[in-house]
Amino acid sequence: MIVISKVNELEKAVEAFRIEGKSIGLVPTMGALHEGHLSLVNRCRRENDVVVVSVFVNPTQFNNKEDLRTYPRTEEADKALLAEAGCDIVFMPTVEEVYPEPDTRVFNLGPVAEVMEGAMRPGHFNGVAQIVSKLFMMVKPDRAYFGEKDFQQIAVIKQMVKSEGFKLQIVPCPIVREADGLAKSSRNVRLSPEARQTAPNIYRTLRESIDYAKSHTVAETQKFVTDTINSYPDMEVEYYQIVDGITLMPVNDWNETNYIVGCVTVYCGGVRLIDNIAYKK
């Protein structure tokens, strides 16, 4: 496994593999790796000749400076996990290497970037588009892998790929969960023991809502999920929206579309967690 911190070295290393006719897969991460990330790496390993993983906490996608400051960083542990997973190239740059000058690009991300996370975290998705587009230009991968826990992010990246004309396949990968159902997340390490005990009720409630939805309206189901999660100690729903799985626009009726997903953001003991579940797919 090669560990690289410079953009020009990354481009040379990838190009050497490409000249040999090898396919390139990319897994962009912000580090603090867990089994969810490794599931992406494993799938990338199966579907490509060369696996490139980036480990970079991207400052332009944080609209909360405190969140950026406290984001977990575990570079040595990340390198050990990636070596064991069979990664070929790890890209671990500094902020100055990625952004030698401020990135002032503003992307045309459309309505998928304006709802839910886009509404709650202004500028977040433009920052995501900045770093992901840079990585796509550096690596020029055949495929790039993203976890479905960040459901809206995948829709935004697909829109960015379309608007910028990138030639690659975006591969969504299923959420990996703890044994008690909590979606694996780098932020989980920030949960207090009490909050960690409470957090699985997010997914438990989402699962209960699948049956609830069979005999209730969309609006009633949204209220059920919100009220139930809020009833647990130290949990507060920021939003729960039931949306079209492609456009991410809110749905009002279960028969509006064949792909319906519920997306939730919850503050659990002060830690912001996201999750989602499909009602129709």
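In what follows, residues are counted from 1 in the order of the sequence shown.
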(Q) Do Glu256 and Asp244 have side chains that approach each other closer than 4.5 Å (heavy atoms only, starting at C-beta)? (A) no
Q: Would you sort out whether Ile157 and Phe146 count as a side-chain contact (heavy atoms from CB on, under 4.5 Å), showing the intermediate values?
A: CA-CA 9 Å; Ile157 289 169; Phe146 297 89; 3.3 Å; yes
Q) Using 4.0 Å as the upper bound for N to carboxylate O, is an ion pair formed by Lys223 and Glu220? A) no
Q. Given Asn276, which of Ile175, Leu206, Asp150 fulfils the side-chain contact (heavy atoms from CB on, under 4.5 Å) condition?
A. Ile175
Q | Rounded distance [0.5 Å steps], CD1 in Ile260 versus CD1 in Ile246 | A | 12.0 Å
Q) So, for Leu273 and Arg187, which heavy atoms are closest and what is the spacing to 0.1 Å? A) CD2-CB, 4.4 Å
Q: Rounded to the nearest 0.5 Å, what's the gap from NE2 on His37 to OG on Ser185? Could you check?
A: 8.0 Å
Q | Nearest heavy atoms of Ser209 and Val225, plus distance in Å | A | CB-CG2, 3.5 Å
**Q.** Main-chain N/O of Gln130 paired to Ser133 side chain as donor or acceptor, under 3.5 Å
**A.** yes
Q: Answer yes or no: are there more than 12 heavy-atom neighbours, outside Gln169 itself, under 6.0 Å from its atom CD?
A: yes
Q.
Which label fits Phe151 and Tyr259: parallel for a plane angle under 30°, tilted from 30 to 60°, or perpendicular past 60°?
A. perpendicular
Q) What heavy-atom pair brings Val115 and Met249 nearest, and what distance separates the two atoms? A) CG1-CE, 3.7 Å
**Q.** Residue Arg105 excluded, over 12 heavy atoms near CZ under 6.0 Å
**A.** yes
Q. Same hydrophobic cluster for Leu40 and Val55, using side-chain heavy-atom links shorter than 4.5 Å among ILVMFWY?
A. yes
Q) Does Glu117 use its side chain to pair, donor to acceptor, with the backbone of His124 at less than 3.5 Å? A) no
Q. Is the shortest distance from a Lys or Arg side-chain nitrogen in Glu66 or Arg69 to a carboxylate oxygen in the other one below 4.0 Å?
A. yes
Q: Any chance you could lay out the side-chain contact (heavy atoms from CB on, under 4.5 Å) test for Phe91 and Leu135, step after step, and finish with the verdict?
A: CA-CA 10 Å; Phe91 181 48; Leu135 290 169; 4.0 Å; yes
(Q) Looking at every heavy atom in both Ala195 and Cys268, which two are closest together, and how far apart are they? (A) O-SG, 3.4 Å
Q. What's the verdict on side-chain contact (heavy atoms from CB on, under 4.5 Å) for Val14 and Lys140, showing C-alpha distance, side-chain angles and the deciding distance?
A. CA-CA 8 Å; Val14 173; Lys140 300 181 177 64; 6.0 Å; no
Q.
Surrounding CD of Glu208 (heavy atoms of other residues, nucleotides or ligands, distance under 6.0 Å), is the total greater than 12?
A. yes
(Q) Please determine whether residues Val27 and Val128 belong to a single hydrophobic cluster, defined as Ile, Leu, Val, Met, Phe, Trp and Tyr linked transitively by side-chain heavy-atom distances below 4.5 Å. (A) no
Q. What distance separates Lys134 NZ from Asp103 CG, expressed to the nearest 0.5 Å?
A. 5.0 Å
Q: Decide if the gap between the ring center of Phe125 and the ring center of Phe107 is smaller than 6.0 angstrom.
A: no
Q | Separation of Glu35 CD from Leu81 CG (nearest 0.5 Å) | A | 8.5 Å
(Q) Using the rule that Ile, Leu, Val, Met, Phe, Trp and Tyr join whenever any side-chain heavy atoms are under 4.5 Å apart, tell me whether Tyr71 and Ile131 fall into a single cluster. (A) no
**Q.** Nearest atoms (heavy-atom pairs only) where Tyr279 meets Ile210
**A.** CD2-CD1, 3.6 Å
Q. Any chance the side chains of Glu11 and Asn8 put a donor and an acceptor closer than 3.5 Å?
A. no
Q: Keeping to residues at least two apart or across chains, list the ring-ring contact (aromatic ring centres under 6.0 Å, His included) pairs with something in residues 196-229.
A: Tyr212-His216, Tyr212-Phe224
Q. Looking only at heavy atoms, which two atoms of Leu168 and Pro141 are closest? And how far apart?
A. CB-O, 3.3 Å
Side chains of residues 158-166: which donor-acceptor pairs under 3.5 Å do they make with residues two or more places apart or in other chains?
unit_1 : atom_1 : unit_2 : atom_2 : d
Ser163 : OG     : Gln159 : O      : 3.3
Ser163 : OG     : Met160 : O      : 3.2

Q. Going by distance alone, is a donor N or O of one side chain under 3.5 Å from an acceptor N or O of the other, for Ser23 and Asp142?
A. no
Q) Do Gln197 side-chain atoms and Pro193 backbone N/O form a donor-acceptor pair below 3.5 Å? A) no
Q: Please round to the nearest 0.5 Å and tell me the distance separating atom CD of Gln61 and atom CD of Gln153.
A: 7.0 Å
Q.
With a 3.5 Å distance limit and no angle check, can you tell me whether Lys149 reaches the backbone of Ala183 through a side-chain donor-acceptor pair?
A. no
Q: Identify whether the distance between the nearest side-chain nitrogen and carboxylate oxygen of Arg18 and Glu15 falls below 4.0 Å.
A: yes
Q) Has the side chain of Asp78 got a donor or acceptor atom that lies under 3.5 Å from a matching backbone atom of Ala32? A) yes
Q: State whether Asp180 and Arg196 are salt-bridged, where the test is any N-O pair (Lys NZ or Arg NE/NH1/NH2 against Asp/Glu carboxylate O) under 4.0 Å.
A: yes
(Q) Just by distance, no angles: are the side chains of Thr205 and Asn201 close enough, under 3.5 Å, to form a donor-acceptor pair? (A) no
**Q.** Any side-chain heavy-atom pair of Leu182 and Leu191 under 4.5 Å
**A.** yes
Q: Mind checking the CE-CZ spacing from Met30 to Phe56? Nearest 0.5 Å is all I need.
A: 10.0 Å
(Q) Taking Val112's backbone N and O only, do any of them form a donor-acceptor pair with Gln152's side chain (distance below 3.5 Å, no angle check)? (A) yes
(Q) Is there a path of hydrophobic side-chain contacts, each under 4.5 Å between heavy atoms of I/L/V/M/F/W/Y residues, joining Val90 to Ile4? (A) no
**Q.** Main-chain N/O of Tyr240 paired with Gln222 side-chain donor or acceptor, under 3.5 Å
**A.** yes
Q.
Starting from Met138, can I reach Leu26 by hopping between I/L/V/M/F/W/Y residues whose side chains sit under 4.5 Å apart?
A. yes
Q: Go through Ile242 and Val261 one step at a time and tell me if the side-chain contact (heavy atoms from CB on, under 4.5 Å) criterion holds.
A: CA-CA 6 Å; Ile242 298 175; Val261 177; over 6 Å; no
(Q) Side chains of Asn48 and Arg143: any donor to acceptor distance under 3.5 Å? (A) yes
Q: May I ask you to decide if His34's main-chain N or O and Lys184's side chain share a donor-acceptor pair within less than 3.5 Å?
A: no
Q) Are any side-chain N or O atoms of Asn58 and backbone N or O atoms of Gly127, one a donor and one an acceptor, separated by less than 3.5 Å? A) yes
Q.
With a 3.5 Å distance limit and no angle check, can you tell me whether Glu97 reaches the backbone of Val7 through a side-chain donor-acceptor pair?
A. yes
